[in-house]
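Let me begin by presenting the structure, written as structure tokens, before commenting on it.
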Protein chains: 2
Amino acid sequence: MDDGKVFKALADSSRRSLLDRLCDENGQTLGQLCEAMDMTRQSVTQHLALLEGANLISTTRRGREKLHFINPVPLHDVYERWIRKFETARLSLLHDLKEQLERKDE
Amino acid sequence: MDDGKVFKALADSSRRSLLDRLCDENGQTLGQLCEAMDMTRQSVTQHLALLEGANLISTTRRGREKLHFINPVPLHDVYERWIRKFETARLSLLHDLKEQLERKDE
DNA sequence: AAGATATGCAGGTATTTTACTGCATATCTT
DNA sequence: AAGATATGCAGTAAAATACCTGCATATCTT
């Protein structure tokens, strides 16, 4: 839904790193994710909360542990709404540049 | 090159709005872009500088005016490196969930 | 050349973000 | 039940961000 949340979530390298690790192995616990992150568990938790807020991951509890799963849907949505739009812009770039050059001659 | 810059640039709604307007009409001047933005020219300039830093727009001067053009390439690159990765994750989601359920039974 | 127009640049401030420490709670193991 | 393990929550300090105001410079018009 909210493109801003998705882009904001992806704007941080720590969070992209977390997604990377979940790509490698989905369903990891908080502890597992912390091991690879070189920051406090609490900080990792905050990052994960942001990713969850953007709906990029979903979580579930298994006993005392929390498992984290990637959700690719919002990223795909963002692709539909933004990247494709730019692709069409790409197609019309030559036209725009031509128009621009013509203006220069005025 | 730098995914972070691209995502950071897209993380702000004002900047996304600027890209939107350039999608509608490429090659607009700073003044034109400011008219639609409900903030000071200086702020718009900063946002545009960030977009340019992410290589999402390129600029050229025409006399005293500065023209702004969309550059779709970095967005496409980000798509290749990130969105597609998640698409493959999507495909393996069922497998991961199955594995997860099996762990529950242990 | 003088005034108008378009943009550049240098701070300054309030908000947001990131990362931390410290303590609390819940679950597992023995 | 007691200790170990996994996570939750609150408050804080430092850094980054997003606005702003004020002034400078460059270009066009007449």
Side-chain angles (χ1 to χ4, degrees), chain A residues 2-22 25-54 56-69 100 103-106, chain B residues 2-22 25-54 56-69 100 103-106:
Chain A
D2 191 342
D3 295 340
K5 280 189 182 176
V6 174
F7 286 128
K8 232 167 213 168
L10 291 167
D12 183 87
S13 71
S14 300
R15 287 191 288 269
R16 287 197 304 281
S17 175
L18 284 167
L19 289 177
D20 263 335
R21 301 183 187 286
L22 285 179
E25 187 191 338
N26 210 359
Q28 291 185 65
T29 68
L30 173 60
Q32 282 178 296
L33 292 169
C34 284
E35 279 173 24
M37 283 304 290
D38 194 38
M39 62 173 64
T40 63
R41 172 181 54 81
Q42 290 87 338
S43 296
V44 175
T45 302
Q46 276 188 307
H47 283 303
L48 289 169
L50 232 152
L51 288 169
E52 193 169 9
L56 284 166
I57 63 175
S58 58
T59 61
T60 192
R61 265 182 165 273
R62 179 176 63 184
R64 63 182 161 181
E65 354 178 73
K66 187 173 189 177
L67 304 175
H68 300 77
F69 297 89
Q100 174 51 27
R103 275 186 219 157
K104 260 187 185 150
D105 295 334
E106 279 167 15
Chain B
D2 189 342
D3 295 340
K5 280 188 184 176
V6 175
F7 286 128
K8 234 167 211 169
L10 291 167
D12 183 88
S13 70
S14 300
R15 288 192 287 272
R16 286 197 305 280
S17 176
L18 284 168
L19 289 177
D20 263 336
R21 300 183 187 286
L22 285 179
E25 188 191 337
N26 210 0
Q28 291 186 65
T29 67
L30 173 60
Q32 282 179 296
L33 292 169
C34 284
E35 280 173 24
M37 283 305 289
D38 195 36
M39 62 174 65
T40 62
R41 172 181 54 83
Q42 290 87 338
S43 295
V44 174
T45 301
Q46 278 189 309
H47 283 303
L48 289 170
L50 233 152
L51 288 169
E52 193 170 8
L56 285 166
I57 63 173
S58 57
T59 61
T60 192
R61 266 186 161 267
R62 180 177 63 183
R64 64 183 160 179
E65 353 178 74
K66 188 173 189 178
L67 304 176
H68 301 77
F69 296 89
Q100 172 51 26
R103 274 186 220 157
K104 261 188 185 153
D105 294 334
E106 279 166 15

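Because the structure is a prediction, the values reported are computed rather than measured. Chain letters run A, B, ... following the sequence lines, proteins first and then strands; every chain starts at 1.
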Can you tell me if [X] touches the phosphate of [N], counting only side-chain N or O atoms and a distance under 4.0 Å to OP1 or OP2?
X       : N      : value
B/Ser14 : D/dC19 : yes
A/His47 : C/dA19 : yes
B/Lys8  : D/dA16 : no
B/Thr40 : D/dC19 : no
A/Ser43 : C/dT18 : no

Does [N] have a Watson-Crick or wobble mate here (both distances under 3.5 Å), and if so which one?
N      : value
C/dG22 : D/dC9
C/dT13 : D/dA18
C/dT27 : D/dA4

Atom pair [atom1] ([X]) and [atom2] ([Y]), whose distance is rounded to the nearest 0.5 Å:
X       : Y       : atom1 : atom2 : value
A/Ile57 : A/Leu18 : CD1   : CG    : 7.5 Å
B/Leu22 : B/Ser17 : CG    : OG    : 9.5 Å
A/Thr45 : A/Glu52 : OG1   : CD    : 11.0 Å

Contact class for B/Leu33 vs. all strands (heavy atom < 4.0 Å): base, sugar-phosphate, or nothing?
nothing
Only one of A/Leu48, A/Leu51, A/Leu10 forms a side-chain contact (heavy atoms from CB on, under 4.5 Å) with A/Arg15, so which one is it?
A/Leu51
May I ask you to decide if B/Thr59's main-chain N or O and B/His68's side chain share a donor-acceptor pair within less than 3.5 Å?
no
Decide yes or no for B/Met39 and B/His47: does some side-chain heavy atom of the first lie under 4.5 Å from some side-chain heavy atom of the second?
yes
Using whole Å, what does the distance between atom [atom2] of nucleotide [N] and atom [atom1] of [X] come to?
X       : N      : atom1 : atom2 : result
A/Gln46 : D/dA13 : CD    : C1'   : 13 Å
B/Leu51 : D/dA18 : CG    : P     : 11 Å
B/Arg15 : D/dA18 : CZ    : C1'   : 9 Å
A/Met39 : C/dC20 : CE    : C1'   : 11 Å

Taking all heavy atoms of B/Gln32 and all of B/Gln28, pick out the closest pair and write down the distance.
OE1-CA, 3.3 Å
Can you give one letter per nucleotide of nucleotides 4-9 of chain D, 5' to 3': B if a protein heavy atom sits under 4.0 Å from the base, S if only from the sugar-phosphate, - if neither?
BBSBBB
